[in-house]
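Read the structure below first, then the notes.
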Amino acid sequence: MTQPTSTPLANTPARPTVLWLQAGSCGGCSMAALGAEDKGLAAILDDFGLDLLWHPGLSESTGDTCLALLDAILARRQPLDILCIEGALMMGHDGSGAIHRFAGLDLPVIALVRQLSEVARHVVAIGSCAAFGGIPAANSASTGATGLHYHGSHRGAGLLPSSWHDPSGLPVINVVGCAPHPGWISETLASLALGDLGRQDLDDFGRPRFFADHLAHHGCGRNEFYEFKASAQAIHQRGCLMENLGCKATQAVGDCSLRQWNGGGSCTNAGTPCIACTMPGFEDPVAPFQETAKVAGIPVGLPVDMPKAWFLALAALSKSATPERVRQNATSHHITIPPARPPARRHED
């Protein structure tokens, strides 16, 4: 049986449409999207022939105009190709969603999102809050915060049932991250517009594989220190952040360190540990974000694709072979010993 694929939205008579709503959100995902490709989300959508119907921060329309648009979508007078939800869905109190209502409608946000998900051609969760619950779901939050399709790692425990899929057979597409890389957002929407995103292009958590088949560790500027297990002791130092400072880049999906973030670098290249924000449950870590949880001095979280015994054996060998340059630079806030330079060649007459 072949995997279902998305039908190119460009084949529809009118420009394919995007509706972006915010649920329990800090707005950080929208802020990330504003920096997409140095031109911003609206320009990127226009480049791919997508029509942004409404965004709570980018659109001029408010009030009655917005409500009329939602009414037309639900009545199927206005086609909706891609529904983007940013932020966690608030199920409190007692699953009613009464804690969070849509302004101007006598309707909880969760009820509106359920209705819209039945008329949209595709549904995209923007950010880890919309995907898994994220920060609003931390510490068993009384708000009942959850994701669209998942609550943590449990599919079907979120707002929509496990059996839900869009008309093309795709589940909710989870563009994870807190916040997601702007390229992940724009490339996912562009792929849907071009009909180039099928079920085989998503991983087990509905994350597009073009970024989820990588680890945040790939391309990290601290990899030389990681290879020799030369660790930083404080947040301002240059060494590997995994052993002492809580870095989870070897356990978190994403090509974060392989891309420029709005003209800058990744979290680890900027000097802060990866907190695995692309993973379900990151909001409830075993230890504080900048502290590595250990048992008998051994980090609890080790690389996902290496047996623990192998890692420990290789770590011991690596530390014994650490060059003095790497060892000293690891606990410094700047390069104190540069790499040795080859001797200058002598030119003889």
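Keep in mind that what you see is a predicted model, and the values were worked out from it rather than measured.
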Using side-chain heavy atoms (C-beta onward) and a distance below 4.5 Å, is Ile275 in contact with Lys248? no

Report whether Phe289 and Leu241 are members of the same hydrophobic cluster (ILVMFWY, side-chain heavy atoms less than 4.5 Å apart, transitive linking). no

Same apolar cluster: Val119 and Leu89, side chain cutoff 4.5 Å: yes

So CG of Leu69 and CG of Asp64: to nearest 0.5 Å the spacing works out to 12.5 Å

Looking at side-chain heavy atoms only, is the closest gap between Pro171 and Arg155 below 4.5 Å? yes

Can a side-chain donor-acceptor contact be found between Asp94 and Ser96 if the only test is distance below 3.5 angstrom? no

Is it true that Glu224 and Arg325 have a side-chain N and a carboxylate O under 4.0 angstrom from each other? yes

Decide whether Leu170 and Phe132 are clustered together by the hydrophobic rule: side chain heavy atoms of Ile, Leu, Val, Met, Phe, Trp, Tyr closer than 4.5 Å, transitively. yes

Side chains of Asn269 and Cys220: does their closest heavy-atom pair fall under 4.5 Å? yes

Let me have the donor-acceptor pairs involving side chains of residues 178-185, under 3.5 Å, with sequence neighbours excluded, atom names and distances please.
residue, atom, partner, partner atom, Å
His181, ND1, Gly183, N, 2.8
His181, NE2, Gln260, O, 2.8
Trp184, NE1, Asp255, OD1, 2.7

Run the side-chain contact (heavy atoms from CB on, under 4.5 Å) test against Leu34 and tell me which residues pass, sequence neighbours left out. Met31, Leu58

Validation row: Ser153, Phe205 side chains within 4.5 angstrom (heavy atoms): yes

Side-chain heavy atoms of Leu192 within contact of Ile173, under 4.5 Å: yes

Between Asp196 and Ser191, a side-chain donor and acceptor under 3.5 Å: no

Report yes if the side chains of Glu118 and Trp164 come closer than 4.5 Å at any heavy-atom pair, otherwise no. yes

Using 0.5 Å steps for rounding, measure from the CD1 atom of Ile126 to the CG atom of Leu148. 10.0 Å

Does a salt bridge link Arg15 with Asp46, judged by any charged N lying under 4.0 Å from a carboxylate O? yes

With a cut-off of under 6.0 Å to the ring centre and 45° to the axis, is Lys229 in cation-pi contact with Tyr226? yes

Are Val123 and Leu159 connected into the same hydrophobic cluster when the rule is that any two of I, L, V, M, F, W, Y join if their side-chain heavy atoms are below 4.5 Å apart? yes

Can you find a heavy atom in the side chain of Arg327 that is under 4.5 Å from one in the side chain of Ile337? no

N/O donor-acceptor pairs under 3.5 Å from side chains in residues 101-115, not counting sequence neighbours:
residue, atom, partner, partner atom, Å
Arg101, NH2, Asp106, OD1, 2.9

What I'd like to find out is whether the side chain of Glu243 reaches to under 4.5 Å of the side chain of Thr292, using heavy atoms alone. no

